[in-house]
Every structure is written in structure tokens, then in C-alpha cells.
Amino acid sequence: MSSSSRALAQLAVPRSGAALLQSSQVGPRLFIQSSRKTVAARPAFGSLQGPVPRQFRRGCADQATPAPQPPKKCRFRTLRWAWRLGYLSAIAGVAYIGYGIYEDRHPEPQSEPDPTKKTLVILGTGWGSVSLLKRLDTENYNVIVISPRNYFLFTPLLPSCTTGTIEHRSIMEPIRTILRSKKGSARFYEAEASSIDPDRKVVRIFDNSEIKGDMTETEVPYDMLVVGVGAENATFGIPGVREHSCFLKEIGDAQRIRKRIMDCVETAAFKDQSPEEIERLMHMVVVGGGPTGVEFAGELQDFFEEDIKKLVPEISDRFRVTLIEALPNVLPSFSKQLIEYTESTFKEEKINIHTKTMVKKVTDKTVEAVATRPDGTQETIVFPYGLLVWATGNAVRPVVQDLMSRIPAQKNSRRGLAVNEYLVVQGARDIWAVGDCAVAGYAPTAQVASQEGNFLARLFNNMARTEALESKITELSGSLNLQPGNTAEISREIEEYERQLRRIKDVKPFHYSHQGSLAYIGSEKAVADVTWFNGNVAAAGGLTYLFWRSAYISMCFSTRNRLLVINDWLKSKLFGRDLSRE
């Protein structure tokens with residue numbers, strides 16, 4: 001080869017290498033991704049005539065060979081395990097809910113009533129009666145439930161039904177569904193008890209439904225009777241309360257309030273309505289500063305702030321809520337700091353609180369009350385209103401008054417049936433009382449009634465087991481030594497039954513254990529006064545609101561109720577409350 005040809009070959013290699021470097025600079029991402037292919041094609045340079053420059057070979061090697069990476073560490077091991085635990089918990093939760101639904105829809109066969117067993121009659125389907133039914137072994141008794149309503153009502157969420165946050169059927173549990181889940185069959189009569197005869201041991205009932213048959217009144221005999229009819233609304237003899245106010249105890253009351261709220265809004269929005277009349281119609285007055293009145297005031301304020309203002313803005317600025325309480329402060333069963341927090345929150349929400357104020361008269365448009373000032377003087381205040389909700393006071397029902405009049409020991413009792421430490425009605429045999437109709441020395445709350453029902457279930461189950469074992473021992477003792485050769489066997493059976501009888505623990509007297517108090521105060525805030533070991537823990541705010549919701553969900557009586565309530569909360573949050581008037 002001539003010298004000119006070798007010179008051209010030596011010049012050709014650097015020019016090709018420079019071109020390759022230039023192409024790698026133009027597309028570095030492509031070059032790095034295809035570095036292995038580039039290294040594999042490196043011998044192609046050797047096919048070129050002439051040596052490859054060392055600097056170029058080093059540059060290509062540095063770019064083609066990736067730097068050694070350190071071994072990957074499990075930096076997110078905790079998050080990975082948390083994720084696994086989360087979806088496993090979700091699967092377990094879905095399986096649990098599915099199993100609960102399947103059990104509700106496919107109950108087991110029930111045993112038929114035994115005429116030789118005692119008849120247990122339960123009046124009412126409130127907290128005390130239903131708590132008793134849930135834990136009672138119905139195979140030990142012939143159970144009969146009598147109530148004018150065929151469902152259990154979850155009353156703590158009743159204020160939410162007044163504004164459409166929760167639909168009323170979501171907090172109703174059919175009583176027949178509860179009875180069908182028991183091992184022993186039980187009967188239910190939708191009727192109201194008019195009188196109880198403790199001497200003859202019969203309950204007089206009548207049919208108060210709209211559709212009646214040939215038989216509308218009859219008697220039900222009993223061996224054991226549990227009175228759990230609750231209490232009715234107390235008006236304290238104030239004129240006009242029963243005629244013009246709305247109560248908040250039953251589903252019908254919540255529906256009536258919801259309808260009245262929308263009536264006030266639509267009437268206030270009527271064409272050419274006077275400003276004075278709009279002010280009156282948009283003023284909602286709540287009497288009672290307990291948990292029911294406070295929660296209703298908070299729900300009402302949320303309803304107007306979140307929904308009415310958006311859809312009826314022309315009159316929304318006239319809306320006002322006033323809370324009237326006769327005591328010095330609202331929520332008297334809560335701690336002082338929670339009371340102050342509630343009052344400050346209501347002040348921020350522009351809810352007016354009038355404490356030490358007693359209602360004296362109610363008309364169709366005004367509430368007349370007398371307020372006590374800090375200096376002790378009294379002042380008469382007139383509140384014009386569009387809606388008046390009466391959420392205070394309990395009164396004795398007529399059937400309880402009739403029973404008290406038949407028992408001499410109850411002549412001095414004024415607030416209900418006085419009971420002893422085992423909830424037995426004083427002066428009567430085989431009659432127990434639970435809930436608001438019983439005077440046991442505790443506040444008339446759902447928590448007290450529920451624990452009383454649970455106590456009676458333990459007591460009755462214990463009594464049934466004890467009586468069954470004692471009857472077997474008596475029967476065996478009567479046949480002892482009557483036939484030859486059976487003495488040793490019968491003696492062993494008697495000893496075994498006596499051993500079982502000794503293992504049955506005696507039920508101690510009823511003692512109420514306070515678990516705490518909860519109340520929703522509006523604006524997605526709640527207050528909680530929870531018992532913790534030997535003291536109380538007071539909490540308030542947004543996190544307490546989540547605790548309030550989770551606590552009420554866990555307290556619902558069935559999986560169906562829990563799912564319906566959660567669905568209603570999500571629905572009202574996403575789409576708002578329904579403003580249509582039924």
C-alpha cells in the first residue's frame with residue numbers, strides 16, 4: 001500500500017469515531033439504553049484499517065459500561081407490610097360483612113314453644129327490651145313481645161333524620177328480624193298495653209292500627225313480665241306546648257320536623273312575603289339543652305349552611321337557631337371544659353344560647369319565656385318562631401300509671417316504677433322494669449336501659465339453668481332406691497348435676513357502668529366525655545367527630561343498619577341533603 005493510502009486509512013478511523021461520539025451526544029438516552037449492543041459491536045472497529053486511538057477507546061468504554069450499582073435495599077419494607085396488612089384487613093372485613101348478611105338472610109330453624117315452660121312477656125321494643133332479647137336464650141321460655149311499633153329505633157341518630165342526613169329506615173331494625181335470629185321461636189303482637197293486672201297475671205292489650213279485624217282487644221297471660229315501655233314527652237303543664245311544638249322521640253316526630261323545616265323555607269321564599277314574616281319563619285327554636293337538643297341544633301345549622309344557602313340564597317341570611325335551657329348551662333352531664341367548648345362553637349356558628357330561661361307559654365307563632373339575669377332579676381322574652389322543637393322532659397305513660405295505682409308500695413313513686421337492685425318492681429312478684437319507665441337511681445338514657453336489658457338476660461338465663469338442674473336433681477332423688485341396681489348410677493348423676501349447679505355463678509345486683517357521653521355540635525365537630533380506667537377523658541373537635549361516628553356505627557344493632565347509615569353519610573356528603581318535601 002502506498003503512503004497516500006495509509007494516510008487516508010489513518011484519517012478515516014478518527015473521523016468515524018468522532019461521528020459516533022457526536023451521534024451519542026445527540027441521543028444520550030438511546031445510547032445508554034443500548035450500551036450492551038454498542039459494546040458487542042466494538043470489534044467492528046478492528047475491521048477498519050489502522051489502529052484505534054486509546055483516548056477514543058477509553059471514552060467509549062466509560063460511556064458503554066455502566067457504573068457498578070450497590071445492591072438494592074428494602075427501603076420501603078414498612079410501607080409494603082402496611083399495604084399488605086391493609087388489603088388483608090379489607091378482605092377480612094368484606095368477608096365478615098358477607099357472613100353477617102348471609103346469617104341474617106338464612107337463619108337456622110327454631111324450636112317450637114314448649115307448654116311446660118314459663119311464659120315471659122316483654123312490653124316494648126326500646127333499648128332495654130331489645131337488649132334483653134338479643135342476649136336472652138329464648139329456648140328456656142315461651143317469649144311474647146308486645147309493642148305498638150314493630151321495630152327498634154336507634155335514637156342517638158334520630159336528630160340526623162330531621163334534616164335528611166340519614167334516612168329514617170336506616171336506623172330502624174324490624175323486631176321480627178331480631179326474633180327470627182333466636183334459637184327458640186318467639187311471638188310478636190303489634191298492640192298497645194292498656195292495663196296490667198298483677199294479681200291475675202294478665203296484660204290487657206288493644207289494636208291501635210288503622211286497619212282492624214274482628215278482635216281488637218284481648219288479654220295475654222304471663223308467668224314473668226318485663227315492662228320496658230319507656231316514657232312519653234313531658235310538657236310540665238305549660239299551655240300550648242303539645243298543640244304547637246314538635247317532639248323528638250319517634251320516627252314520626254323526625255318526619256314531622258323535616259316537613260316543617262321545608263314548609264318554613266318555602267313559605268319564607270313566597271313572593272312579596274314581608275321581612276318581619278321572613279324573620280319569624282326562618283327562626284328555629286329548640287327547647288332543651290341536653291344531647292338531643294344540642295345535636296338537633298347542630299344538624300339544623302349544618303343543613304342551612306351546606307344546602308339551603310346554596311339553593312335558596314335570597315333568604316338564607318335570615319336563618320337563626322335559638323337554644324333555650326332552664327339550667328345554667330347546656331350538656332349538664334358533660335365536663336366543664338366540654339360545656340365551654342360547645343358554647344364557644346355555637347357562638348361561632350351563630351347559634352344563640354339562652355340559659356336559665358324557662359318557657360311559660362307557647363302560641364302558634366311565639367314562645368314566651370322568663371330569663372334569670374346574673375344579678376338575680378327576671379326578664380320576660382318573646383321569641384317569634386317558625387319551628388319549635390321540644391326536646392326536654394319525660395312523663396310516665398298511662399299503662400305504667402295504672403300499674404302503679406294497683407301496687408300499694410308504688411304510691412309514693414312519681415317518675416315511674418320503683419325497682420330494687422335486681423330491677424324487680426317494688427311490691428310485685430315476677431314483674432321487672434327497665435328503661436325510662438323504671439326508677440333505678442340512674443339517668444334515663446339509652447346506655448342505662450341497654451345495660452339493664454343485658455343484666456336481665458343474664459339473670460333469666462341463670463334462673464332457667466338453675467331451675468332445670470334443680471328439677472332434674474329432684475326427679476332423680478325421688479327415684480333413688482326404688483329399683484334394685486340403679487342406686488350407684490343415679491347417685492353419680494345427682495352428684496354431676498350438683499357439681500354443675502355449683503358452677504353456676506350467682507348474678508350480682510345490677511350496677512350501672514358509665515362508658516361515657518357523646519354529642520355532635522355541628523360543623524363536623526363533636527364532644528366526648530369517655531370513661532378511661534378510673535377517670536374521664538374529655539375530647540372535642542374534628543377527630544372526636546370521627547370517633548363519634550365510629551362509635552355510633554359500632555352501636556348499631558345489625559350489619560344492615562351499619563351499611564345503610566354509612567351509605568347515607570356518603571350520599572349526603574357527595575350530593576347534599578334532599579330538600580324535597582314529602
Considering residues at least two apart in sequence or located in another chain, which fulfil the side-chain contact (heavy atoms from CB on, under 4.5 Å) criterion with Ser554? none

I need the full list of salt bridge (charged side-chain N to carboxylate O under 4.0 Å, His left out) pairs touching residues 145-157, with sequence neighbours left out, sorted by first then second residue. Arg149-Glu250

Which pairs with one or both residues in residues 543-565 pass salt bridge (charged side-chain N to carboxylate O under 4.0 Å, His left out), sequence neighbours excluded? Glu173-Arg560

Quick one: side chain to side chain donor-acceptor pair (under 3.5 Å) pairs with a partner in [range], sequence neighbours left out?
range            : answer
residues 350-371 : Thr363-Thr366
residues 156-167 : Ser160-Glu299, Thr163-Thr165, Thr165-Glu299, Thr165-Arg577
residues 563-576 : Ser170-Asp568, Glu524-Lys573
residues 185-194 : Glu192-Asn208

Looking at Asp263 and Arg260, is any side-chain nitrogen of the basic one under 4.0 Å from a carboxylate oxygen of the acidic one? no

Are any of the side-chain nitrogens in Asp402 or Arg406 under 4.0 Å away from the carboxylate oxygens of its partner? yes

With a 6.0 Å cut-off (strictly less than), is the heavy-atom count around CG of Leu543, excluding the residue itself, greater than 12? no

Output the distance between atom CG (Asn454) and atom CG (Leu136), rounded to the nearest 0.5 Å. 11.0 Å

Once you round to the nearest 0.5 Å, how far does OG of Ser550 lie from CE of Met555? 11.0 Å

For residues [X] and [Y], determine if any side-chain heavy atom of one lies less than 4.5 Å from a side-chain heavy atom of the other.
X      : Y      : answer
Thr544 : Val527 : no
Leu120 : Tyr222 : no
Gln110 : Arg180 : yes
Ile251 : Leu158 : yes
Leu417 : Met404 : yes
Thr292 : Thr155 : no

Between Thr235 and Ile238, is there a donor-acceptor pair closer than 3.5 Å when you use the side chain of the first and the backbone of the second? no

What residues form a ring pair (Phe, Tyr, Trp, His ring centres under 6.0 Å) with [X], not counting sequence neighbours?
X      : result
Phe319 : Phe304
Trp127 : Phe152, Phe154, Phe557
Tyr442 : Phe510, Tyr512

Given the options Leu157, Val294, Asp302, Tyr520 meets side chain to side chain contact (heavy atoms under 4.5 Å, CB included) only with Asp302

Test applied, side chain to side chain contact (heavy atoms under 4.5 Å, CB included); reference residue, Leu123; option that passes from Val203, Ile144, Val145: Val203

Show every ring pair (Phe, Tyr, Trp, His ring centres under 6.0 Å) that has at least one partner inside residues 258-298, sequence neighbours left out. none

All side chain to side chain donor-acceptor pair (under 3.5 Å) counterparts of Asn394, not counting sequence neighbours: Lys249

With a 3.5 Å cut-off and no angle check, do the side chains of Ser523 and Glu349 form a donor-acceptor pair? yes

